[in-house]
Amino acid sequence: MSQQSETLRETGGEQRQTTETQVRDDERVCPECEAALVVDEAHGETVCEACGLVVEEDEIDHGPEWRAFDSNERAEKSRVGAPTTKLLHDEGLSSVIDWQDRDAKGRTIDGSKRRKLQRLRTWDERFRSKNAQERNLKQALGEIDRMSSALGLPENVRETASVVYRRALEDDLLRGRSIEAMATASLYAAARQASVPRSLDEFEPVSRVGRKEFSRAYRYIVRELGLAIEPANPLEYLPRFASDLDMDGETTTRARALLEEGMESGVHSGKSPVGLAAAALYAASILEGEKITQKEVCSVSDVSEVTVRNRYTELLEAGTDPDAARGAA
DNA sequence: CATTCGTGAAGACGAAT
DNA sequence: ATTCGATTTCACGAATG
């Protein structure tokens with residue numbers, strides 16, 4: 001999956017080089033000598049290269065840009081430009097291109113200037129929508145990170161999830177759906193694709209949106225993106241549940257055999273894979289004499305005891321395993 | 001007493017219309 | 001969007017150890 005990590009790196013481009021203590025700050029120059037300022041991150045200071053003048057960080061002056069010698073002058077020149085706002089991602093500092101073909105005095109613009117404006121609008125629009133998507137993505141990736149660490153999902157699943165999300169974003173699948181729901185759905189899909197599935201029940205408490213919402217989002221992206229996700233295999237849940245229960249390797253192997261047999265005879269069609277896995281563990285624990293209670297398997301697998309009961313009787317019936325018969329007797 | 005087993009009503013879900 | 005069928009869950013009681 002090198003393709004995925006490449007896509008990932010692509011947008012991670014805004015990392016700062018924090019290892020360097022000295023970074024040129026080209027935006028500002030020293031008020032005394034006009035030389036470029038240098039940011040000393042170790043000391044948290046901004047310093048002039050040439051004359052050594054120290055300009056404190058975080059002391060950016062938003063006030064008047066000229067000195068005022070009396071109140072008249074102060075009123076006149078108090079501020080240049082619009083105040084900045086945190087509500088816009090660029091703090092309102094970017095240019096806005098009007099849709100009207102008129103200049104500042106209201107006269108119409110014509111000819112080549114008009115076409116030029118048109119091209120500018122096109123690009124402006126492209127950058128703006130790109131930024132909107134980037135911000136969206138940033139938030140979603142944060143959520144994916146949060147949830148996957150809460151669920152103990154490995155790194156590669158996060159990457160897959162972010163790729164899925166990115167595709168959904170590019171295909172304009174986000175309309176009317178919340179970022180959170182889509183992020184959850186992407187992670188769910190990724191976990192299943194990576195053969196380390198988590199059930200919807202496990203996602204419910206870590207997601208910020210309701211189960212209904214993200215499961216709908218999940219179905220939606222699977223259909224729209226054409227993701228090939230097969231029904232979850234009960235075997236994939238086994239190792240995790242087994243280790244949660246501190247079960248014997250023997251018993252786990254037995255459970256796996258039981259499951260495989262059961263799937264041969266088709267007991268699993270239409271049944272919840274999680275319940276099947278839980279039942280197999282329970283059945284195996286009886287057969288192996290390492291007794292665990294139904295309640296215990298239920299607590300690690302989030303299925304009801306009833307389901308475990310039903311599944312495990314089916315599993316034992318389907319199992320023509322002579323060994324199983326002997327163990328039960 | 002804890003665990004297991006069975007049952008019917010009720011909810012959730014996917015498929016079909 | 002609603003309806004239908006299958007599955008799961010809940011709540012309960014009974015049996016078993």
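So that the names make sense, note that chain A is the first sequence line, chain B the second, and so on, each numbered from 1.
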Could you tell me whether the side chain of A:Ser148 and the main chain of A:Asp145 form a donor-acceptor pair under 3.5 Å? yes
Rounded to whole Å, please give me the gap between CD1 in A:Ile292 and C1' in B:dT3. 13 Å
Under 4.0 Å between any heavy atoms, over every strand shown, what does A:Arg216 touch: base, sugar-phosphate, or nothing? Just pick one. nothing
May I ask you to verify if any side-chain N or O of A:Arg309 is less than 4.0 angstrom from the OP1 or OP2 atom of B:dT4? no
Please report the distance, rounded to the nearest Å, between NZ in A:Lys295 and C1' in B:dT4. 11 Å
Any sub-3.5 Å donor-acceptor pair from A:Arg240's side-chain atoms to A:Pro197's backbone N or O? yes
Would you mind telling me which residue lines up with the more 5' stretch of DNA chain B, A:Asn310 or A:Thr293, judged by nearest nucleotide? A:Thr293
Is the A:Tyr237 ring parallel, tilted or perpendicular to the A:Phe241 ring (thresholds 30°, 60°)? parallel
A:Glu204 CD to C:dT9 P, in whole Å, measures 13 Å
With a 4.0 Å cut-off on heavy atoms, is A:Ser272 in touch with a base, just the backbone sugar-phosphate, or nothing at all? sugar-phosphate
Would you mind checking if A:Arg146 and A:Glu143 are paired as a salt bridge, meaning a charged N to carboxylate O distance below 4.0 Å? yes
In whole Å, I'd like the distance from the CZ atom of A:Arg211 to the C1' atom of C:dT9. 12 Å
Looking at the side chain of A:Thr307, which of B:dT3, C:dT8, B:dC5 is the nearest nucleotide? C:dT8
Is A:Glu264 atom CD crowded by more than 12 heavy atoms from other residues, nucleotides or ligands, each under 6.0 Å away? no
Closest to the A:Lys271 side chain: B:dC13, C:dT7, C:dT9? C:dT7
Please give the stem ranges for DNA chain B, sorted by first residue number, where a stem is three or more consecutive Watson-Crick or G-U pairs and both donor-acceptor distances are under 3.5 Å. B:1-10 with C:8-17, B:13-17 with C:1-5
Rounded distance in Å - CZ (A:Arg311) to P (B:dC5): 14 Å
A:Glu180 and side-chain contact (heavy atoms from CB on, under 4.5 Å): which single residue from A:Met147, A:Gln139, A:Glu213 fits? A:Met147
From CD of A:Glu314 across to P of B:dG6 the rounded distance in Å is 12 Å
Whole-Å distance, A:Tyr312 OH to B:dT3 P, equals 15 Å
Evaluate the salt bridge (Lys or Arg N to Asp or Glu O under 4.0 Å) criterion for residues A:Glu314 and A:Arg311: first the C-alpha distance (whole Å), next the side-chain angles of each, then the deciding distance (0.1 Å), finally the verdict. CA-CA 5 Å; A:Glu314 288 169 14; A:Arg311 286 302 90 75; 3.2 Å; yes
If you compare every side-chain N and O of A:Lys291 against the phosphate oxygens of B:dT4 (OP1, OP2), does one of them come in below 4.0 Å? yes
OP1 or OP2 of B:dT3 under 4.0 Å from side-chain N/O of A:Tyr282: no
Decide whether A:Glu202 and A:Ser199 meet the rule of one side-chain donor and one side-chain acceptor closer than 3.5 Å. yes
Among C:dT9, B:dC13, B:dT4, the one nearest any side-chain atom of A:Arg219 is B:dC13
Could you tell me how far apart A:Leu316 (CG) and B:dT4 (C1') are, to the nearest whole angstrom? 14 Å
Looking at the side chain of A:Val306, which of C:dA11, B:dT3, C:dT8 is the nearest nucleotide? C:dA11
